[in-house]
Amino acid sequence: MSPESTVASPSNPPRSVGSVFRKIFASPLALPLIGLIVVSVLMGLASDNFFSVSNLLNVLRQVSVVAILAVGMTFVILTGGIDLSVGAVMALAGTIAAGLMVKMGMPAGVGLLAGLLVGLGLGFFNGVLVAWGRMPAIIVTLATMGIARGLGLIYSGGYPISGLPSWISWFGVGRVGIIPVPVIAMALIYLIAWVLLHRTPFGRHVYAIGGNEVAAKLSGVKTERVKLAVYVISGLTAALAALILTGRLMSGQPNAGVGFELDAIAAVVLGGTAIAGGRGLIFGTLIGAVLLGILNNGLNLMGINPYLQDVIKGFIILLAIYIGREWR
Amino acid sequence: MSPESTVASPSNPPRSVGSVFRKIFASPLALPLIGLIVVSVLMGLASDNFFSVSNLLNVLRQVSVVAILAVGMTFVILTGGIDLSVGAVMALAGTIAAGLMVKMGMPAGVGLLAGLLVGLGLGFFNGVLVAWGRMPAIIVTLATMGIARGLGLIYSGGYPISGLPSWISWFGVGRVGIIPVPVIAMALIYLIAWVLLHRTPFGRHVYAIGGNEVAAKLSGVKTERVKLAVYVISGLTAALAALILTGRLMSGQPNAGVGFELDAIAAVVLGGTAIAGGRGLIFGTLIGAVLLGILNNGLNLMGINPYLQDVIKGFIILLAIYIGREWR
Amino acid sequence: AQDKKLKIGMTFQELNNPYFVSMQEALNEAAKAIGAEVIVTDAGHDVAKQISDVEDMLQQGIDILLLNPTDSAGIESAVTMAKEKNVIVVAVDANASGPVDTFVGSKNRDAGYQSCKYMAEKLGGKGEVAILDGIPVVPILERVEGCKAALGENPDIKLVTTQNGRQDRSVALGVVENMIQSYPNLAGIFSVNDGGAMGALAAIEGSGKDIKLTSVDGAPEAVEAITKGGAFIETTAQFPRDQVRVGLALALAHKWGARVVPAAVPIDVRVVDSANAKDFSW
Amino acid sequence: MLRLEGIRKRFGPVEVLRGVDLEVKAGEIHALLGENGAGKSTLMKILCGILTPTAGTIRINGEEQHFADYDQATAAGIGIVFQEFSLIPYLTPVENMFLAREMTTKLGFLDRTAMRKRAQEILAQLDVDLPLDVPVRRLSVAEQQFVEIAKALSLNARILVLDEPTATLTPSETEHLFKVMRELRKQGVAIIFISHHLEEIFEICDRITVLRDGEFVGDSDVADIDNDRLVEMMVGRRIENSFPPKPALLPQAKILLECEEVQLRRGGPISSFQLREGEILGFAGLVGSGRTETALAMLGAYPAVRCKVKVDGQETRFREPADGLAHGIGLLPENRKEEGLITSFPILQNISINNYAKYRKNMWFIDMQKELASSEAAMKSVRVKAPNSHTRVDNLSGGNQQKVVIARWLNHSMKVLIFDEPTRGIDVGAKSEIYQLMRDFTAKGDAIIMISSELPEVIGMSDRVCVFRSGGIVATVEGDAITSEGIMTHATTGKARNVA
Ligand SMILES: Nc1ncnc2c1ncn2[C@@H]1O[C@H](COP(=O)(O)OP(=O)(O)OP(=O)(O)O)[C@@H](O)[C@H]1O
Ligand SMILES: Nc1ncnc2c1ncn2[C@@H]1O[C@H](COP(=O)(O)OP(=O)(O)OP(=O)(O)O)[C@@H](O)[C@H]1O
Ligand SMILES: [Mg+2]
Ligand SMILES: [Mg+2]
């Protein structure tokens with residue numbers, strides 16, 4: 001943004017071993033990755049259990065819910081928007097899905113479908129208001145957050161909804177080989193997101209809108225539709241996260257996921273995506289989410305006083321962002 | 001932002017009754033104000049108690065804490081930043097102030113001063129990282145939020161700190177005539193903020209940075225210092241809000257103010273300030289904060305089911321923003 | 001307010017927890033029986049909002065305030081204000097500072113003590129245990145205190161860690177998963193409430209380890225899990241409905257002019273385990 | 001081929017186009033001329049469906065057209081290069097060129113090889129060599145300009161609108177652009193060309209249409225008109241010699257600003273220069289020769305490797321432009337929209353933004369009356385065309401925006417002004433006024449550094465000229481040595497570096 005940041009870049013880098021290395025280093029993923037490695041090593045030194053396979057899979061499984069929310073958040077932030085409703089939408093989707101199965105005795109498929117529709121519907125609602133209503137995303141999604149939480153509580157009457165068919169837990173705790181199902185789901189969703197962002201016109205348009213919305217519109221990008229789509233995607237990933245969370249908790253929880261939106265945003269920004277939009281990589285978000293998960297896990301493993309954990313986490317996030325700030 | 005939205009402003013408005021009316025209507029304050037009036041009338045119709053003097057003063061007193069936080073938030077948002085740490089900073093300032101008085105037996109003045117210093121210090125911390133560290137405000141202040149909460153809990157051991165000298169309650173529940181002290185404090189702070197924003201070079205620079213930071217910098221505005229200043233102001237208003245809150249709660253509460261940052265942001269945006277910065281009026285923020293307070297109060301007075309209140313509040317906020325969106 | 005219908009206001013620290021929801025249900029039933037009007041608010045764990053809620057209720061002219069404070073010290077000014085308006089104030093579940101007429105609440109220290117004593121017995125008096133803490137408010141802190149006292153009576157039981165699950169199922173799940181990773185020999189977990197315990201249960205089941213879980217509350221889900229058998233072996237039940245019923249009764253007694261109403265009515269807690277879980281409900 | 005008839009457009013109470021006609025034939029380069037704010041860009045936006053006219057018709061090949069948006073216009077064969085850039089800064093040239101009309105494989109995925117190939121074809125047709133894999137924000141202004149043109153051409157436009165494309169180009173690049181335009185003309189493309197450089201009109205255009213204050217003034221074949229007549233049509237009066245006379249340089253003039261040892265990049269050339277009171281020092285060179293960076297480095301707005309500055313003989317270090325301001329040195333940036341204007345402010349506050357020391361009241365407060373009076377005077381002195389000083393700057397025409405930024409600095413009591421491309425996008429009439437204002441400024445003993453890519457301006461205005469090449473000053477010429485041959489030789493000798 002500042003005049004200094006517009007420094008000439010090497011055009012047509014010469015191919016050599018050094019330059020390959022430099023190119024890796026020049027990738028926007030490099031710094032989040034370095035942050036991840038540094039934090040992992042620190043955690044490994046401080047706690048013997050950290051680097052066990054079972055613990056690493058444990059971290060990935062814990063991370064999966066926020067990481068999946070962060071996929072939708074990445075799309076939204078790339079267009080220069082924000083979605084504060086993801087945690088509440090996730091809770092509502094899980095609650096409705098569980099409620100339909102348990103309270104209304106519907107087949108599980110109907111419940112899951114309804115959960116997805118809740119996510120899509122609220123995403124659509126956000127998207128329409130932001131894109132055509134031209135209302136600021138932060139306030140639209142804040143309002144949606146309140147609405148979704150309220151609806152979840154009304155529907156459930158404040159009680160968590162348990163008594164789900166036991167196979168639902170497969171989504172949360174199942175494994176394929178040794179890999180937990182949530183981790184596989186997360187990997188798949190990230191792959192799809194990457195293809196969407198980097199191999200389709202839609203992805204280009206997402207980046208273009210974040211880069212310069214007026215110019216994108218002038219070039220013929222259907223900015224409203226693209227913006228609608230990113231909020232719908234965010235609603236969809238929230239519903240998918242709900243599925244995994246429901247499998248993990250084996251119940252529909254209207255108050256689940258409070259504050260998850262902030263974790264998802266932190267993951268996106270830690271991953272190197274510019275909060276103003278236009279720049280960022282989806283795998284950066286994955287790195288950011290894992291970084292946050294490792295912080296939680298490692299500090300827990302070390303048995304640090306929980307109050308102190310918040311403080312340490314805050315400083316480490318600051319440090320990670322500071323190191324990586326050139327890319328922002 | 002769209003080409004069409006940049007409508008010409010009235011040129012040399014002719015003086016006539018119609019045009020005075022039009023001018024009032026053309027002020028960016030008009031729409032928030034209309035929203036406020038409409039909601040008030042609705043609430044008045046729905047509940048007999050709403051329009052009593054005692055209830056209106058009651059609403060203003062309830063609003064005061066968030067309204068004061070929203071002053072600092074307005075400065076920050078005008079520069080294009082955001083401060084998610086205000087709620088946590090407020091809690092920490094109150095906790096430290098109470099702790100010094102009660103646990104360490106210091107004179108009340110020292111405690112209050114320490115509270116203010118906590119606010120200033122954390123604001124300074126945010127400001128330095130955002131201005132000179134060039135880190136995104138959303139993530140810096142998110143981290144500060146975690147740090148401040150953690151510190152408050154560590155300091156207090158998780159217990160609220162009570163046993164304050166009873167005169168402290170004057171700040172929260174005292175009255176001058178029939179006007180509650182928090183309301184007077186709020187009015188004073190808004191006046192000072194208005195003068196700062198509209199009658200001093202500093203205020204112009206705040207708006208300029210939000211309008212175009214690069215241009216402001218190249219034309220000789222000390223953008224870093226101004227940005228530092230707005231975060232310090234935000235920390236200061238958080239500390240002032242803490243004083244009133246402590247008076248109301250008669251204790252230092254490390255858990256107080258969770259989510260207040262979102263209320264403050266909602267007040268700012270409802271008041272017509274552009275979330276991207278550069279445009280907005282401080283009295284709009286006051287209107288926004290009062291609107292939120294009236295919603296809470298009115299829905300309570302009507303005895304609406306608390307779950308449903310969230311939903312209704314969400315929709316009314318959306319409606320208010322939709323009506324007022326032309327100014328954004 | 002022309003007709004002299006009795007107005008009862010109750011402010012809850014939160015209403016997305018079955019414990020408080022069942023209180024609300026009991027209140028509605030009781031009020032219906034005596035033909036009173038009920039106003040309910042949800043503070044969402046925010047004292048400042050709770051004070052505002054009380055202020056709003058006072059504007060509506062309530063006669064009785066049943067107060068479930070999210071923070072005992074912080075709510076004092078609301079109590080004072082209510083008393084200034086001659087409203088009868090009864091604190092329910094957690095006490096409040098200030099001129100409260102009566103406090104009705106569980107013996108929280110006892111609850112923590114009994115849960116952890118039960119666990120210690122089932123562990124044969126030895127092994128590593130952990131505490132899953134919650135939001136730092138007085139009742140929760142008392143439960144932890146009670147638990148630690150019970151554990152302290154067993155020299156071979158080692159309290160290896162205390163982590164905060166924020167009484168939230170999803171947070172607790174992750175925290176307990178990590179606990180299990182870092183303390184492979186963990187034999188028991190005490191959760192300060194059933195919400196956190198349900199998350200801990202999911203984590204324990206996911207790990208496939210033999211870890212015994214006890215908790216406080218007696219929530220339907222917890223009771224169901226205990227009935228089924230498994231890791232969740234005990235919850236020390238509170239009686240939320242009875243707390244409200246007793247609280248309302250005492251408030252009415254005040255209203256009718258009784259002068260020797262007890263200032264505090266501790267409500268007993270009861271150990272619920274697989275033996276008696278079938279027959280227990282709030 | 002294209003006929004616009006009776007086009008009218010009003011924005012609120014202001015009617016900016018009042019019945020304009022325009023007729024363009026296939027294979028013709030048609031100049032659209034007029035003062036700043038005459039309505040040229042507005043008319044072109046209407047042609048492209050971005051604005052809807054209040055009245056009037058658009059006909060293409062005799063058929064009446066109503067474009068709801070730019071897409072429909074492009075479908076009808078219209079392509080435009082906007083006055084303000086419309087590229088996405090973080091996307092590469094190829095991505096920008098095919099934005100919103102990406103080529104895809106049968107499965108709906110991007111066909112990146114095909115797009116790259118097509119982009120290379122178009123660029124080859126333009127004879128332009130660009131790095132294709134870096135985000136466009138890293139390209140020079142000229143390179144960005146060619147990306148814009150390539151983007152418009154990738155639509156196979158039959159009608160191509162170029163709104164002041166040469167404002168940001170150096171002569172050699174302009175020449176290059178003209179070659180491309182001639183080629184396109186041969187292919188039967190109709191080109192509408194907007195420029196304030198009249199010599200360009202005579203060089204390349206076939207016909208002209210002139211607007212004044214939103215009205216159609218007349219049209220003509222270029223062959224039938226001369227420079228003076230053209231200016232008269234545009235401005236409504238005659239303009240004499242546009243450069244004010246150069247005063248004699250005092251030999252004992254004090255040195256106001258001295259720059260010893262500026263090095264922009266590690267290993268790059270080291271330059272130095274002196275600025276004397278009462279003079280205009282020109283910075284000439286090709287685009288990318290480091291003029292802007294040198295100026296920014298002096299003010300601490302660009303991280304140079306080395307930069308030693310002396311003000312009034314005192315060694316000084318500027319960490320940011322505010323330090324320069326405190327020493328009486330101000331900068332008019334080259335890019336008004338991104339670096340100059342506070343777009344959310346009205347004209348008034350854009351002028352007063354950095355000048356509050358002048359309007360102070362009771363120590364801390366702004367004297368609003370003084371602010372208004374002084375800023376309005378400044379606004380008048382550069383003749384900003386706007387209803388009043390409360391008009392928002394984003395509603396102004398490009399040239400008028402530039403004038404607002406100039407007014408900001410002329411209203412200041414500065415000792416040294418660095419004007420980076422001061423007349424970019426300014427019409428002929430206003431240009432000579434600005435030249436006069438610059439001379440008035442130096443006549444008080446103050447000095448100006450003028451960075452300019454317009455050779456005639458450099459020659460006409462500068463008392464001395466520093467010529468830049470690849471990041472440093474290679475020569476300083478003075479007096480009669482200031483000739484276009486002289487400057488160009490210095491600017492290009494050695495490794496001739498042609499951006500385009
Ligand atoms: N935003 C930018 N990011 C990276 N490199 C840039 C940027 N702008 C210019 N450059 C490069 O920096 C070098 C010097 O540019 P600069 O703008 O200082 O040149 P200049 O001589 O002032 O030319 P002009 O003002 O005519 O564009 C050029 O190589 C150019 O490609
Ligand atoms: N959106 C708008 N709202 C109000 N007025 C506008 C708007 N856009 C342009 N104008 C006004 O219309 C007039 C014509 O502007 P336009 O940009 O077409 O001028 P131009 O001939 O291209 O000038 P230049 O040579 O400076 O680029 C100007 O007076 C400008 O202030
Ligand atoms: Mg123009
Ligand atoms: Mg330049």
Side-chain angles (χ1 to χ4, degrees), chain A residues 47-50 52 54-59 61-63 65-66 87 90-91 94-95 149-150 152-153 156-163 169 172-175 180 245-260 293 296-307 309-310, chain C residues 12 14-25 40 42 44-45 130-134 136 159-184 194-195 198-208 219-222 224-225 228 282:
Chain A
S47 163
D48 299 341
N49 307 314
F50 181 80
S52 68
S54 95
N55 188 50
L56 293 180
L57 287 176
N58 171 40
V59 170
R61 191 178 49 196
Q62 288 179 1
V63 149
V65 170
V66 166
M90 173 181 75
T95 306
R149 287 249 175 255
L153 286 168
S156 70
Y159 288 96
I161 299 170
S162 54
S169 74
V173 297
R175 284 169 189 270
L245 190 71
T246 308
R248 263 163 84 74
L249 302 176
M250 275 311 276
S251 62
Q253 295 275 345
N255 56 346
V258 172
F260 278 27
N296 280 326
N297 172 266
L299 295 173
N300 268 341
L301 290 193
M302 289 187 234
I304 306 249
N305 167 349
Y307 302 152
Q309 289 192 14
D310 287 345
Chain C
F12 286 97
E14 64 165 324
L15 268 180
N16 46 23
N17 179 339
Y19 181 75
F20 298 109
V21 176
S22 67
M23 276 192 191
Q24 187 195 359
E25 286 165 4
V40 168
D42 173 5
H45 287 297
I131 293 178
L132 185 63
D133 206 341
L159 175 60
V160 287
T161 184
T162 302
Q163 297 283 350
N164 199 327
R166 288 190 238 146
Q167 292 160 240
D168 176 293
R169 197 188 279 230
S170 47
V171 178
L173 171 60
V175 168
V176 173
E177 281 174 344
N178 290 337
M179 275 183 185
I180 295 172
Q181 288 294 332
S182 51
Y183 301 99
D194 281 346
M198 293 309 293
L201 181 61
I204 294 169
E205 284 177 348
S207 75
E221 271 186 298
E224 200 186 313
K228 267 193 216 149
W282 276 343

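These figures come from a predicted structure and were not determined experimentally. Just the heavy atoms: all of them, side chains too, but no hydrogens, waters or symmetry mates, feed the values below. Throughout, protein chains are lettered first and strands after them, A, B, ... in sequence-line order, and every chain is numbered starting at 1.
Within the structure, the salt bridge (charged side-chain N to carboxylate O under 4.0 Å, His left out) test picks out the following pairs touching residues 161-173 of chain C (sequence neighbours left out): Arg169(C)-Glu221(C).
Between chain C and the residues Asn58(A), Leu153(A), Asn49(A), the largest count of heavy-atom pairs under 4.5 Å involves Asn58(A). Among Val258(A), Val65(A), Leu301(A), the residue making the largest number of heavy-atom pairs under 4.5 Å with chain C is Leu301(A). Interface remark: of the candidates Val59(A), Val173(A), Asn297(A), Ile304(A), Asn297(A) forms the most heavy-atom pairs closer than 4.5 Å to chain C. Considering only heavy-atom pairs separated by less than 4.5 Å from chain C, the leading option among Gly298(A), Pro254(A), Gly303(A), Pro160(A) is Pro160(A). The choice from Leu173(C), Leu201(C), Asp133(C), Val171(C) that makes the most heavy-atom pairs within less than 4.5 Å of chain A is Leu173(C).
Heavy atoms only, all atoms of each residue included: Ser170(C) and Leu245(A) are closest at CB-CD1, 4.1 Å. Smallest separation of non-hydrogen atoms from Asn296(A) and Asn178(C): O-ND2, 4.0 Å. Of all heavy-atom pairs spanning Asn300(A) and Val175(C), the tightest one is ND2-CA, 3.9 Å.
Between Glu14(C) and Asn255(A), the side chains place no donor N or O within less than 3.5 Å of an acceptor N or O (distance only, hydrogens not considered).
Take Gln253(A) and apply the side-chain hydrogen bond (donor to acceptor under 3.5 Å, both in side chains) test, not counting sequence neighbours, and it matches Ser251(A).
Looking at Phe50(A), there are no atoms closer than 4.5 Å to chain C (heavy atoms on both sides), in backbone or side chain. Contacts between Ser156(A) and chain C at a heavy-atom distance below 4.5 Å are absent for every atom of the residue. Using a 4.5 Å cut-off between heavy atoms, Ser22(C) contacts chain A through both its backbone and its side chain. Only the side chain of Arg61(A) comes within contact range of chain C, with heavy atoms under 4.5 Å apart. Contacts of Ser54(A) with chain C are made by both backbone and side-chain atoms, with heavy-atom separations under 4.5 Å.
To the nearest 0.5 Å, the span separating OG1 on Thr162(C) from CG on Asn305(A) amounts to 9.5 Å. Rounding to the nearest 0.5 angstrom, the gap separating the OH atom in Tyr159(A) from the CG atom in Asn17(C) is 9.5 Å. To the nearest 0.5 angstrom, Arg248(A) atom CZ is 4.0 Å from Glu177(C) atom CD.
No side-chain heavy atom of Met250(A) sits less than 4.5 Å from a side-chain heavy atom of Glu205(C).
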Query raised in the report: Where do Asn164(C) and Gln309(A) land on the side chain to side chain donor-acceptor pair (under 3.5 Å) test, with the steps shown first?
Result: CA-CA 10 Å; Asn164(C) 199 327; Gln309(A) 289 192 14; over 6 Å; no
